[in-house]
S.K.: 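Got a structure for you, questions after.
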Amino acid sequence: MTNAPTKDDVQSALAKIKLPDGTALGGSTNLSDIFIADGKVFFSISCDAAEAQKFEAVRLAAEEAVKALPGATGAMVALTAEKKAGSPNPAPKPAPTTAPQPKPQAGPQNSPKAGVEGVKQIIAVASGKGGVGKSTTAINIALGLQSLGLKVGVLDADIYGPSLPRLLGITHKPETIDGRILKPIEKFGLQVMSIGFLVEEDTPMIWRGPMVMSALTQMLREVAWTDLDVLVVDMPPGTGDAQLTMAQQVPLAGAVIVSTPQDLSLIDARKGLNMFRKVDVPVLGIVENMSYFIAPDTQARYDIFGHGGAKAEAIKLGLPFLGEVPLVMKIRELSDAGTPITVEEPDGPHAAVYKDIAKAVYAQMSDGAGKRAAPNIVFE
C-alpha cells in the first residue's frame, strides 16, 4: 500500500502551479497550512475578492495536482476570497419599481440547491451555546426516529469539536468508494459520518470559514448515504458558518433547538431560533435538556437549572415544545462509553422520553415543512 503524501510532497506539487501574477503557489502566502488525513489533503488558497474568478483556475489546477500524487486519496481545496481595504464599493442598486422584482443572484452558489442523494429529509439539531447536551440529544432523537421504523443517518457537522466518534464508540476510519466517495460507518443501525473519523481526537482543526464550509459540503454530498428517510445533522453550537452552509446547500425540513431551563441558555437559544427563521428554515420545536434531577437514593426531584423555561419560551414564541429530558447520570455515563441510553435500555423510562420527542419531531416534519425548496440566500 502506497504511503500517504507528506506536506513536502504537496508543497512540491503546488510549486508547479502558477498564480495569476506568475509566481508559484507552493510556498506563497496565498497558501494556507496543509492538513492530511488518511491520504486526503486539505488546504485553502486566499485571494482578493476581485480576482476570485482568476484564482478559481488555480484552485482547480492545485486540486488536480494533489490528487495525482502517489498515495493521495483525494483533495479538498477551498478558495478564500476577501475584499481588500479600499476596494471600490459596488454600484448602488436602482430604486425599486412598483412591481416587486426578483433579487439578482450573486452567483451559482446562491441558486436553490437540490437535496442530498440517498436522503429524503434532513433536520438540524442545534443550540445557541455549548454544554447543553445537544449531541447526546441528537443521537437519541436519531435512534428514536429509527424506532418508528425509519432509516436514519447522523452527520456530525461540528468540524472543530466532533463528538459522534466518542458518543457512538467508533474508533476506525471510513472506507472510500473509488478513492473519492466516503462510505458512512454503520453503528446501532444508523449511518454515521463525522470529521472525527478522519482525524485523531486530540488534533486541533485550525481552519478558516471557507474550509469549514467546504468540509461540511463534502460530508453532505460526497458520502454514500443509502435510502435514508431522515438525516439528523448535529450542528455545532452558535450561529456560524456551518448553519449558513446547511441553509444554503440543502432544503432543511427544519431545526430542533436544544436548551437548558436556565435564562442564560435560553438567551442563546433565542439567537439560534432567530438565525434559522432569517434563513427560512422551519423550527420544529424546542427540547428542554437537563430539565430536572431525580436523586437516585431518595427519588426526590431537584430543579438544578430551574424548570420549564424552555417550555415557557416555546409557548411565548408559538413553537411546539417537544419534551423535557431529565439530568440523569446514566445518560452521561453511557454516552461517554459509546452506547446511547436508547440502545442500552430501549424499554426504559429515559429512552421513552427520547422516543416521545422523536415522535413529536417526526409529526412536525410530516406536516409538510420538509417539502419546500431550499432557500435562496443573497448576501448584500
Side-chain angles (χ1 to χ4, degrees), residues 121-150 152-155 157 167 190 229-235 237 239 243 246 252-263 265-277 281-293 303 305-328 331 335 340-342 346 348-370:
Q121 294 199 85
I122 305 172
I123 64 169
V125 178
S127 64
K129 61 176 293 184
V132 300
K134 169 189 51 62
S135 295
T136 298
T137 303
I139 287 293
N140 284 288
I141 286 177
L143 289 163
L145 290 168
Q146 184 189 74
S147 73
L148 300 177
L150 302 172
V152 184
V154 185
L155 171 62
L167 293 176
L190 301 172
D229 296 302
V230 184
L231 177 64
V232 177
V233 181
D234 178 23
M235 305 295 285
T239 54
Q243 288 84 348
M246 289 299 301
L252 286 172
V256 174
I257 304 296
V258 180
S259 177
T260 61
Q262 66 202 67
D263 290 340
S265 178
L266 286 168
I267 289 171
D268 290 309
R270 290 184 199 111
K271 295 177 184 176
L273 287 166
N274 290 331
M275 188 278 298
F276 281 114
R277 284 175 163 175
V281 172
V283 177
L284 303 175
I286 300 177
V287 174
E288 183 172 280
N289 198 31
M290 307 181 197
S291 185
Y292 55 88
F293 175 69
D303 296 331
F305 301 116
H307 178 71
K311 183 175 184 178
E313 188 70 16
I315 293 172
K316 176 183 174 182
L317 297 172
L319 294 170
F321 180 65
L322 301 172
E324 53 187 34
V325 181
L327 179 62
V328 179
I331 294 177
S335 294
I341 199 161
T342 19
H350 306 310
V353 170
Y354 286 117
K355 289 177 181 179
D356 286 343
I357 291 172
K359 288 177 185 176
V361 168
Y362 191 60
Q364 292 296 318
M365 292 169 57
S366 302
D367 202 24

S.K.: Stepwise, does the side-chain contact (heavy atoms from CB on, under 4.5 Å) test hold for Tyr362 with Leu150?
M.R.: CA-CA 10 Å; Tyr362 191 60; Leu150 302 172; 3.6 Å; yes
S.K.: If every non-hydrogen atom of Val353 is compared with every non-hydrogen atom of Glu324, which pair is closest and at what distance?
M.R.: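 Reported closest heavy-atom pair: CG1-O, 3.3 Å.
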S.K.: Show, in sequence, the C-alpha distance, side-chain angles and deciding distance for Ile122 and Val230, and conclude whether the side-chain contact (heavy atoms from CB on, under 4.5 Å) test is met.
M.R.: CA-CA 6 Å; Ile122 305 172; Val230 184; over 6 Å; no
S.K.: Would you check if the side chain of Asn289 reaches a backbone N or O of Val132 as a donor-acceptor pair within less than 3.5 Å?
M.R.: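 Answer holds: yes.
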S.K.: How about Met235 and Val125: do any of their side-chain heavy atoms sit closer than 4.5 Å?
M.R.: no
S.K.: In the structure I gave you, are the side-chain heavy atoms of Pro320 and Gln364 within less than 4.5 Å of one another anywhere?
M.R.: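 Counting from C-beta outward, Pro320 and Gln364 do come under 4.5 Å.
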S.K.: Is any side-chain heavy atom of Val256 less than 4.5 Å from a side-chain heavy atom of Leu322?
M.R.: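 Counting from C-beta outward, Val256 and Leu322 do come under 4.5 Å.
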S.K.: How many angstroms lie between atom CG of Asp229 and atom CG of Leu145, to the nearest 0.5 angstrom?
M.R.: 9.5 Å
S.K.: Can you tell me how far OG of Ser366 sits from CD of Gln121, rounded to the nearest 0.5 angstrom?
M.R.: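 If we round to the nearest 0.5 Å, Gln121:CD and Ser366:OG are 6.5 Å apart.
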S.K.: Dump the intermediate steps for side-chain contact (heavy atoms from CB on, under 4.5 Å) on Tyr354 and Leu143, then the final yes or no.
M.R.: CA-CA 8 Å; Tyr354 286 117; Leu143 289 163; over 6 Å; no
S.K.: Check Gly133 against Met290 and note the closest heavy-atom contact, atom names and distance.
M.R.: N-CE, 3.9 Å
S.K.: Please give me the minimum heavy-atom distance between Val233 and Ala157, naming the atom from each residue.
M.R.: CG1-CB, 3.6 Å
S.K.: Measure the CG-CD1 distance between Asp234 and Ile123 for me, rounded to the nearest 0.5 Å.
M.R.: 11.0 Å
S.K.: What are the two closest non-hydrogen atoms of Gly144 and Ala358, and how far apart are they?
M.R.: C-CB, 3.5 Å
S.K.: Quick one: do Leu155 and Leu231 satisfy side-chain contact (heavy atoms from CB on, under 4.5 Å)? Show the steps, please.
M.R.: CA-CA 7 Å; Leu155 171 62; Leu231 177 64; 4.2 Å; yes
S.K.: Is it the case that the side chain of Lys355 and the backbone of Ser147 share a donor-acceptor pair, with hydrogens and angles ignored and the cut-off at 3.5 Å?
M.R.: no
S.K.: Just verifying a value: how many Å separate Ser335 OG and Asn140 CG, rounded to the nearest 0.5 Å?
M.R.: 6.0 Å
S.K.: For the atom pair NZ (Lys316) and CD1 (Ile286), what is the distance rounded to the nearest 0.5 Å?
M.R.: 11.0 Å
S.K.: For Pro282 and Leu252, which heavy atoms make the closest approach, and how far apart are they?
M.R.: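 The pair with the smallest heavy-atom distance is CD-O, 4.1 Å.
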S.K.: Tell me the closest heavy-atom pair linking Val152 and Gln146, and the distance in Å.
M.R.: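 Where Val152 meets Gln146 most closely, the heavy atoms are CG2-N, 3.7 Å.
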S.K.: CD1/Ile139 to CG/Leu167 distance, rounded to the nearest 0.5 angstrom?
M.R.: 6.0 Å
